[in-house]
Participant: 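Sharing a structure with you now.
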There are 2 protein chains.
Amino acid sequence: MKATIIDVAKDSGVSVATVSRVVNGNYPVREKTRLKVEDAIKKLEYVPNLQARELNMQRSSSIGVVVPSFDNMFFAEVLDGIEEHLRQSSYSLLLACAQNDAAREEECVRDFITRNVSGVIVVSPNTEMAVSDFYENTAARLPLVFVNSAREIAGISYVTSDQSSGARAALEHLFHYGHERILFVQGENSDSYRIKEKVYRSVMQERGTFHEADIVNIGEGNRIETVENTMFILMDMMLGFAPTAIFCCNDLMAMGALNACQRMGRRVPQDISLIGYDNTALSRYTAPNLTTIDQHMGDLGREAARLMLKRIEDGVTESVVLANTVVERGSTGFRVEES
Amino acid sequence: MKATIIDVAKDSGVSVATVSRVVNGNYPVREKTRLKVEDAIKKLEYVPNLQARELNMQRSSSIGVVVPSFDNMFFAEVLDGIEEHLRQSSYSLLLACAQNDAAREEECVRDFITRNVSGVIVVSPNTEMAVSDFYENTAARLPLVFVNSAREIAGISYVTSDQSSGARAALEHLFHYGHERILFVQGENSDSYRIKEKVYRSVMQERGTFHEADIVNIGEGNRIETVENTMFILMDMMLGFAPTAIFCCNDLMAMGALNACQRMGRRVPQDISLIGYDNTALSRYTAPNLTTIDQHMGDLGREAARLMLKRIEDGVTESVVLANTVVERGSTGFRVEES
DNA sequence: TTGAAAGCGCTAACAC
DNA sequence: GTGTTAGCGCTTTCAA
């Protein structure tokens, strides 16, 4: 049987209170007594029972994290950041995956509530409105932090990355290299595409180089198939029209674009410049490495964890917007005049 | 304040014992009484306190999972499988990341012990021997399941994928295409490299085409940098020697090899065949798509979770070996005689 | 079919 | 500095 605090107390000839004080180091204990107790702890291999402690202290030392899926490295990288920050704290991480499903996401959060977590971090919460009511109610019961959500609910802390500025920076980067007509590659069903499209439209219109046909929608943008779909669609397009630059809404699409260029014999960046979005590890796997916009997923995760701890410990709801930054690598360069 | 079982009992005019019976449905309760209690539960938004239940029942309903990192999609895919299986059970998943570090891995497991988990699943445990003793002791205290470990410790359940046969199949695949001299690319600190190396050595020696220099070690094999490191090392090698085929121990390395070929102007698969290992999503992102060996990470994860539950519930230690299968895509083809 | 009550292991008053 | 003890919320015998 596992040793309890009572066993330690008996073995070292002191009371349980003293053992508790030694274990927690929160009250003075005479040196000699402490040593006796510590010996007994070692001898009996005593490990405090966390459930008992938490029951007594009316708290819980775990934080629930819900991610939509593991298909996209984006989420794994956010998770990594959360884990890293939580590891420094006394909290541990309970993980659940919503499988891109709104109902499932709600189920995950409910399950966390039953498990009595101290709070829940939801990464890219589902946008279906049905869930909204649920979160509104939940926020009253439990600290909640949303990562990259467009929704605004009182009492919830948010960490978002500034994709508007990011998109603008991406375009500026291409303008800087002399590109004028820029293909815009996006997908379906995500606010993040809408945000970037809006910026693209206004910036291009301002410069008088906007063409409706330059906006390409490749469908679902967060699947394994995204890369291939993008490749085929762009190969098809490039048969008739040769852009000197392409701005892709995520790195998967950019990877597809890169593959399309390779197949069409277009050199990157000599013939065509390519810029992706997110700066997932993927962007460093390609040849040439992808120029991309960093959403700092690790920071996104770390901030989410930080806001959660702040909310739990100080009761403060806070929101943070992280800057997006251009990461220049090998897939962008000066536009060369067509011969 | 959160409602407790006592509040529900008072509100519905019964004893806490009855409420407990209604909640758990493990003893007969009169229909009428049950309805009264259920009403009170709904009204008070009562959610049972898990810590209290676990303390009383002397059990814990969480399982710890340690992964080495998130840089390699391999681990995320295994994690996905574990999560999926655990979701069907009454256990939840505590996650920790060892950052490819043996000491950190041990720390993660120790932390889980403090948290009183029901068991720990270690994905690709670090091979440093220092940890071995630790696990030997831990196995006596706690259900342990290892995923893809070559170590054999009594009392631990293992899920491994048959990388021996997989490595053999990979080589056969290349032989089939007429390749004779095959570069072997591996990394450090993982049993999975040792297993494949052993097969590689014996198979090549048998055919009389073994050269010690054909074994390339690119260092740490599960980092973002792995791709780049592999690329540079191989570019360097290929300056002096032109293999017609390369067998890489994981898809990251294969990606690096592919990049090296592109930089060196070697066409894949016309000039050189490339085979990876794992069949991570990455292998479908490249152009050409990577021929690789599928380790069925989802199954690996699901099996690990299944064995863990079996060990916890029936006390049975079991080991399972999953088959590896060749997934042929575009990066391998017939060897062409040098002109 | 139900209730009373004894813990599960721990912390934190409160007493000395 | 140290011991005694009353809970934390729940399950489960044992009686009724």
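Naming: A, B, ... by sequence-line order, numbering from 1 per chain.
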Participant: What's the NZ-P distance between Lys2(A) and dG9(C), to the nearest Å?
Facilitator: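 Answer to the nearest Å: 9 Å.
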Participant: Is any side-chain nitrogen or oxygen of Thr4(A) closer than 4.0 Å to OP1 or OP2 of dG9(C)?
Facilitator: no
Participant: Pairs of donor and acceptor atoms involving the side chains of residues 312-321 of chain B, under 3.5 Å and at least two apart or interchain, shall be tabulated with distances.
Facilitator:
{"from": "Glu318(B)", "atom 1": "OE1", "to": "Lys310(B)", "atom 2": "NZ", "distance (Å)": "2.5"}
{"from": "Ser319(B)", "atom 1": "OG", "to": "Tyr158(B)", "atom 2": "N", "distance (Å)": "3.4"}

Participant: Between dT1(C) and Thr33(B), is there an OP1 or OP2 to side-chain N/O distance shorter than 4.0 Å?
Facilitator: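 No, Thr33(B) has no side-chain N/O under 4.0 Å of OP1/OP2 on dT1(C).
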Participant: When every nucleotide of nucleotides 11-16 of chain D is labelled 5' to 3' by its protein contacts under 4.0 Å (heavy atoms), B for base, S for sugar-phosphate only, - for none, what sequence of letters results?
Facilitator: BBB---
Participant: Please tell me which of the listed nucleotides, dC10(D), dC10(C), dT1(C), lies nearest to the side chain of Arg30(B)?
Facilitator: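 The closest nucleotide is dT1(C).
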Participant: Which heavy atom of Glu105(A) sits nearest a heavy atom of Val122(A), and at what distance?
Facilitator: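 Minimum heavy-atom contact is OE2-CG1, 3.8 Å.
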Participant: Flag the pair Glu106(A) / Tyr135(A) as yes when at least one side-chain heavy-atom distance between them is below 4.5 Å, and no otherwise.
Facilitator: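 In short, these two side chains do not touch, never coming nearer than 4.5 Å.
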Participant: Which whole-number value in Å describes the distance from Leu55(B) CG to dG7(C) C1'?
Facilitator: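 Atom-to-atom, Leu55(B) to dG7(C), this comes out as 9 Å.
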Participant: Taking only Lys NZ, Arg NE, NH1 and NH2, and the carboxylate oxygens of Asp or Glu, determine whether Asp299(B) and Arg302(B) approach each other closer than 4.0 Å.
Facilitator: yes
Participant: Ignoring hydrogens and angles, state whether a donor on the side chain of Glu54(A) or Asn116(A) is under 3.5 Å from an acceptor on the partner side chain.
Facilitator: no
Participant: Check Ser62(A) against Tyr91(A) and note the closest heavy-atom contact, atom names and distance.
Facilitator: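 That would be N-CD2, 3.9 Å.
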Participant: Going by atom type alone, with no hydrogens or angles, which donor-acceptor pairs under 3.5 Å involve a side-chain atom of residues 93-101 of chain A and a protein atom two or more places apart or on another chain?
Facilitator:
{"from": "Asp101(A)", "atom 1": "OD2", "to": "Ala103(A)", "atom 2": "N", "distance (Å)": "3.2"}
{"from": "Asp101(A)", "atom 1": "OD2", "to": "Arg104(A)", "atom 2": "N", "distance (Å)": "2.9"}

Participant: Checking Ser118(B) side chain against Ser60(B) main chain: does a donor-acceptor pair fall under 3.5 Å?
Facilitator: yes
Participant: Looking at Phe134(A), does the NZ or CZ of Arg141(A) lie under 6.0 angstrom from its six-membered ring centre and within 45 degrees of the ring axis?
Facilitator: no
Participant: Quickly work out the Gln58(A) CD to dC10(C) P distance and round it to whole Å.
Facilitator: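 Taking CD of Gln58(A) and P of dC10(C), I get 17 Å after rounding.
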Participant: Let me check something: any side-chain donor-acceptor pairs from residues 25-36 of chain B under 3.5 Å, sequence neighbours excluded? List them with distances.
Facilitator:
{"from": "Glu31(B)", "atom 1": "OE1", "to": "Arg34(B)", "atom 2": "NH1", "distance (Å)": "3.0"}
{"from": "Arg34(B)", "atom 1": "NE", "to": "Glu38(B)", "atom 2": "OE2", "distance (Å)": "3.2"}

Participant: Using a heavy-atom distance cut-off of less than 4.0 Å, which residues of residues 36-44 of chain B contact DNA chain C?
Facilitator: none
Participant: Separation of Ile6(B) atom CD1 from dC10(D) atom P, in whole Å?
Facilitator: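 Interatomic distance, CD1 of Ile6(B) to P of dC10(D): 8 Å.
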Participant: Which heavy atom of Ser161(A) sits nearest a heavy atom of Leu300(A), and at what distance?
Facilitator: CB-CD1, 4.1 Å
Participant: Through what angle, rounded to 10 degrees, does the axis of the helix from dT1(C)-dA16(D) to dC16(C)-dG1(D) turn between its ends, using five pairs per end?
Facilitator: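 Comparing the axis at each end, I get an angle of 40°.
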Participant: For Asn49(B) and dG9(D), what is the distance between atoms CG and C1' respectively, to the nearest whole Å?
Facilitator: 6 Å
Participant: Specify the separation, in whole Å, of atom NZ of Lys10(A) and atom P of dC10(C).
Facilitator: 13 Å
